[in-house]
Each structure stands twice: as C-alpha cells, then as structure tokens.
Amino acid sequence: MLARVMNELTAPRTAASWRRRPAAQQPAYPDEAVLRAVSADLRARPPLVFAGEVDSLRAQMAAASQGRAFVLMGGDCAESFADNTADNIRLKLQTILQMAAVLTYGASTPVVKMGRMAGQYAKPRSSDVETRDGVTLPAYRGDSVNSHAFTRDARIPDPHRMLDAYLRAGTTLNLIRSFTMGGYADLREVHSWNRGFTANPTYARFESFAEEIDRAMRFMEAAGVDFEALRQVDFYAAHEALLLEYEDAMIREDSRSGRLYDTSAHFLWVGERTRGAEDAHVALLEGVHNPIGVKVGPTTTPDELLALVDHLNPNGDAGRLMLITRMGADRIRAALPALIEAITADGRPVTWVTDPMHGNTITSDNGYKTRRFDTVMDELRGFFEVHRALGTVPGGIHVELTGDDVTEVLGGGEHIDEAALARRYETLVDPRLNHQQSLEMAFEVAEMLRR
Ligand code: PEP
Ligand code: CO
C-alpha cells in the first residue's frame, strides 16, 4: 500500500492524470454527453502537426537557450473565427517574417518563427461573469468555447466550437505552409517590404540599418549564396493550452518513438492563471513531448519556478522549457534577477523569453484597455539589461500583434493617442501592436541585440 502511494507521488504523471487535479478556467458545459461525443470525434481526426516538426522546434529552442538562435513569437491575444480570413493570416505572417528578417540581422543568428496562430482560440478571464447595464452573463472565454456576442444564448459554452476551432486551425496551418513553402517567405521579397517601411520619413532613423542589410544581401549574392534555397522557411504554430478537453483530445502517440505529442500545435504554453505545478494544466503538459512555455509574472517565487522545472523538465533537456517573463516595465529589473539566479543555480537549461505586453496593460481615460509602446519597449530593455548583467541568454520575444493598421496600443512613430484608439480598436481581448508598431519594435530590438 505504502509502496503504491510512493509510486503515485514519484512516478512521472501521465497526460491523462490531469483529470484528477484542480483545473482552473474551464467552461461549465451544460450537457456532458455532447462534450463526450465531440471529444470522441476529435480524437479520431488527423493530427494538425507532425511529431518530427515538433522535435525540430525543440532543437531550435535549445539553440535559443544558448544564444545560437533567437525566438520570435507573435500574433493575436485571441484569434477569432470571424477574422480567420486569408488576408488576416497573410498579413500576420508577413509582419512576423519582416520582423524576423530584421532580427536575424541584429542577432546574427537564425530566428525561430512562431505564430500565436492556428489555434489561439481559448482565453483565461479574471472573472467568470461579465456585467453590462445591469445584465450579468457568463464571460467570453474565446471562440473555441462561446461567442463574444453579449446574449445569454451566445455565452453558453458549446463543445461543437472545439470542432470549428480544429478545422480553422487546420486550414490556417495549410495556408501558412503554402506560403512558407511556396515562395512567399523569399528573403529578397521580405527585405523589399522592409525597405518600404523604412522609406516612410517617420521611420527614417532605421534607414542606415536597412542600408546595412542591403549591403549584406548584395555581399551574399556576390558570394554566390543560393537565394532560391532561402525561399522556404520553418514556421511554427503556438497557443495557450487552456481548454483541457480540446488539448487532451488532440494528444496522439508518435508511431516512430512511442512518445505522446499534443498535436494541436507545435508549441503550447500555460498562462499566469493556470500554471500551478500541482494543477491540471501542468499535469497534461508534463505528459507530452512538445516544447512548453510557462508565463512568469512578477510575484513568482524561485521555489514555484523550480517546482515547475521538476515537473516539466525533470531531466534538464535543452529546448523543452521556455520561461516567458511578463513582469511589467516598472518591476522587471527588480523581480527578474532572483528568478534567473535560481534557475542558473539549479542548472537545468531553460529558454528565457520576454512578453513585454501583459505586465503593462492599462485603461485609457476614455475607457480602452490599452498599452503604451514606450512602456512595452522599456520592459524589453529591462529584459536585455538583466540578462546582460547576469551573463545569461535573452532567448527571444513574445508579443501580441496583428498585420493590420489597428489602433489599440498608444504611441509609436505614428503617435497613436487616446482619441485615435476609437478609430480602429478591434481586439476581442488584449490590445495588439499594429503592423508599423511591430516593425518599429523589431528594428529597436535588433539594435539591442547588436550591442
Ligand atoms: C496571454 O498571453 O494572452 C495571456 C493571457 O497571458 P498571461 O497568462 O501572461 O496573462
Ligand atoms: Co493577451
């Protein structure tokens, strides 16, 4: 009996053991039978990603943990079914490719390109309900759970939305693969888009940087680099592994290795609200071989982090665990060093990435949930400063962006002010950098990397 209890406590938890653990942020489905039928249906469908691709990402993340690569993760806070159009996918991909080209030059290493795309359909919420004009309804939890419309029917969680999410993720991935394998990601083309950006007088300060890249490209051409071979790039899909029934239904065994993978995406992360080391989300992710991210806020203790490493990366495999810090610009310089020191002393490698957005959310005087571009940049600078001071590796950035000209984040070269927020504020959850702000950030970060 005692031996069995000891076994339960020390054996690695299986993915399925999440069902015995506390699970935060899960929808209350009205009909258990419908949920079971949808899960069974999903379980029988093809995987969205292949285990071999996931392993390649692990290898690239391992390189990023050692400074031999740099991770760029970007995309919507919450994707929506309505915005799942060819144009939106293409513009977001274009923005990420443009940022990646600049960062590759700045870092002088490969950039690991990952989209918060093709599955970012579930959101944690600070309250289970939302009240408008005296009416209280269940909160919107993302399009894979319920609808954003503020009516009683729309807010009832519907398991069929998981099937819709699966199909939309699949068609999104298909288009991304067509673009990135079919020539859209051609470096010469991407660089010419960036020249369009720096031709705008607002961004004239990046002109000489872009000229340097021009020269490097001409040098490569003269030296006989095969640009045709650079027309195809690897692009990975990532989302928050929040909706446990969906993620569980997407777990498949790799026939080659016998290992389990969550085939809903290459990379999955847990957020600040669901990352308890003894809780359901971490248990599920512990049982799959994907690279995993954990969001790390300013109140995280070294012991909490080490418990997460014990569960998610007990053997210390480089490339398995990414710690995504989201401290707030005013706290990062004070809060981050102790966490880095604890992880460094422990010795098991992680990839440190900064999310400079989620710790810097404010409400504007005219009522918009927003962020200031300058504050976001300040957290980015703090991230690099702390890692430089400690001699550790800043491994990448994780940002909320869109390829459109929305007006959701204040400031940047276009000087978006509070009045301008009303012009094109379209996000369903958090404010995103628009296309120009994303490129401006990439040029700034490239300069930090070069230093
Ligand atoms: C997010 O990435 O959209 C998110 C909710 O992050 P966090 O868990 O860090 O708040
Ligand atoms: Co967000």
Side-chain angles (χ1 to χ4, degrees), residues 24-25 73-80 83 92 95 116 120-132 139-142 148 238-240 242 269-275 293-300 323-336 353-383 396-402 404 406-412 414-438 440-441 444-445:
Q25 299 283 342
M73 277 180 83
D76 280 293
C77 180
E79 289 181 288
S80 73
D83 284 340
K92 228 179 295 170
T95 305
R116 280 177 70 116
Q120 177 54 15
Y121 288 123
K123 293 307 298 176
R125 304 314 306 257
S126 44
S127 169
D128 283 342
V129 293
E130 181 184 351
T131 301
R132 288 189 207 174
Y140 170 64
R141 291 187 175 277
H148 191 255
H239 64 255
E240 177 169 351
L242 183 71
W269 78 85
V270 275
E272 265 287 276
R273 301 169 182 81
T274 54
R275 60 156 177 70
V294 177
K295 291 287 195 92
V296 179
T299 58
T300 313
L323 297 180
I324 308 168
T325 59
R326 29 94 79 223
M327 300 283 170
D330 52 349
R331 298 174 81 172
I332 183 165
R333 291 168 181 84
L336 185 54
V353 165
T354 177
D355 163 0
M357 320 263 333
H358 284 92
N360 298 306
T361 312
I362 54 170
T363 304
S364 66
D365 290 337
N366 53 350
Y368 288 94
K369 188 178 185 186
T370 186
R371 294 157 176 157
R372 289 184 198 286
F373 187 80
D374 284 348
T375 317
V376 169
M377 290 309 305
D378 189 31
E379 176 148 1
L380 273 167
R381 269 190 300 278
F383 174 75
I397 64 176
H398 174 127
V399 286
E400 288 182 343
L401 59 79
T402 171
D404 272 312
V406 298
T407 55
E408 299 172 2
V409 171
L410 295 166
E414 299 166 295
H415 302 292
I416 293 171
D417 59 15
E418 296 210 347
L421 291 178
R423 214 164 54 221
R424 259 196 93 176
Y425 190 96
E426 296 175 3
T427 183
L428 296 184
V429 187
D430 286 343
R432 304 159 296 179
L433 300 171
N434 64 23
H435 177 72
Q436 313 283 343
Q437 289 169 326
S438 302
E440 187 172 355
M441 172 184 284
E444 296 279 2
V445 172

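The model shown is predicted, which means the values in this text are computed figures rather than measured ones.
Pairing each heavy atom of Leu401 with each of Ser438, the nearest pair is CB-OG, 3.4 Å. The minimum heavy-atom distance between Pro298 and Ala335, with the atom names listed, is O-CB, 4.0 Å. Across Lys92 and Gly75, no two heavy atoms sit closer than the pair CD-CA, 4.1 Å. A pairwise comparison of heavy atoms in Ile324 and Gly293 identifies CD1-CA, 4.2 Å as the closest pair. Closest of all the heavy-atom pairs between Phe373 and Met441 is CZ-N, 3.9 Å. Nearest heavy-atom pair, Thr274 versus Leu242, reported as atom, atom and distance to 0.1 Å: CG2-CD1, 3.8 Å.
Proximity of a side-chain donor or acceptor of Thr370 to a complementary backbone N or O of Glu408 within less than 3.5 Å is detected. Looking only at distances, a side-chain donor or acceptor of Gln437 sits under 3.5 Å from a matching main-chain atom of Val409. Between the Gln120 side chain and the Glu79 main chain, no donor and acceptor come within less than 3.5 Å of each other. At least one donor-acceptor pair under 3.5 Å links the side chain of Arg125 to the backbone N or O of Tyr140. Although no hydrogens or angles enter the test, the distance criterion places no donor-acceptor pair under 3.5 Å between the side chain of Asp378 and the main chain of Arg381. For Asn366 (side chain) and Glu418 (main-chain N/O), a donor-acceptor pair under 3.5 Å exists by modelled atom type. A donor-acceptor contact shorter than 3.5 Å is absent between the side chain of Glu444 and the backbone of Met377. For Thr407 (side chain) and Ala420 (main-chain N/O), a donor-acceptor pair under 3.5 Å exists by modelled atom type. Side chain of Glu414 to backbone of Gln436: no donor-acceptor contact under 3.5 angstrom is found. Of the possible donor and acceptor atoms, one in the side chain of Arg116 sits under 3.5 Å from a partner among the backbone N and O of Asp76.
Interatomic distance, CD1 of Ile332 versus CG of Leu380, reported as 8.0 Å (0.5 Å rounding). Taking CZ of Arg372 as the reference point, atom OG of Ser364 lies at 9.0 Å (rounded to 0.5 Å). Note that CG of Leu410 and OG1 of Thr375 are 8.5 Å apart. Values are rounded to the nearest 0.5 Å.
Between Arg432 and Asp404 there is no salt bridge, since no side-chain N of the basic residue sits under 4.0 Å from a carboxylate O of the acidic one. Using a cut-off of 4.0 Å between Lys/Arg side-chain N and Asp/Glu carboxylate O, Lys295 and Glu272 are scored as not salt-bridged.
Put simply, the side chain of Asp355 does not reach to within 4.5 Å of the side chain of Val399, judged on heavy atoms. Between Thr363 and Tyr368 there is no side-chain heavy-atom pair separated by less than 4.5 Å. Side-chain contact check for Arg333 versus Met327: every heavy-atom pair is 4.5 Å or farther apart. Side-chain contact between Thr95 and Leu433: absent, with no pair of heavy atoms (C-beta onward) separated by less than 4.5 Å. The shortest distance between side-chain heavy atoms of Thr361 and Lys369 falls below 4.5 Å. A heavy-atom distance below 4.5 Å is not found between the side chains of Thr325 and Val353. Looking at heavy atoms from C-beta onward, Cys77 lies in side-chain contact with Lys123 at the 4.5 angstrom threshold. Here the side chains of Asp83 and Glu426 are not in contact, with every heavy-atom distance at 4.5 Å or above.
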- For the pair Arg275 and Thr300, evaluate side-chain contact (heavy atoms from CB on, under 4.5 Å) and give the outcome as yes or no after the intermediate values. CA-CA 11 Å; Arg275 60 156 177 70; Thr300 313; 3.1 Å; yes
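Of the N and O atoms on the side chains of His358 and Glu400, at least one donor lies less than 3.5 Å from an acceptor on the other residue. Between the side chains of Glu379 and Asn360, at least one donor-acceptor pair of N or O atoms lies under 3.5 Å. Between the side chains of Arg326 and His398, not a single donor N or O lies within less than 3.5 Å of an accepting N or O.
The number of heavy atoms from other shown groups lying within 6.0 Å of CZ (Arg423) does not exceed 12.
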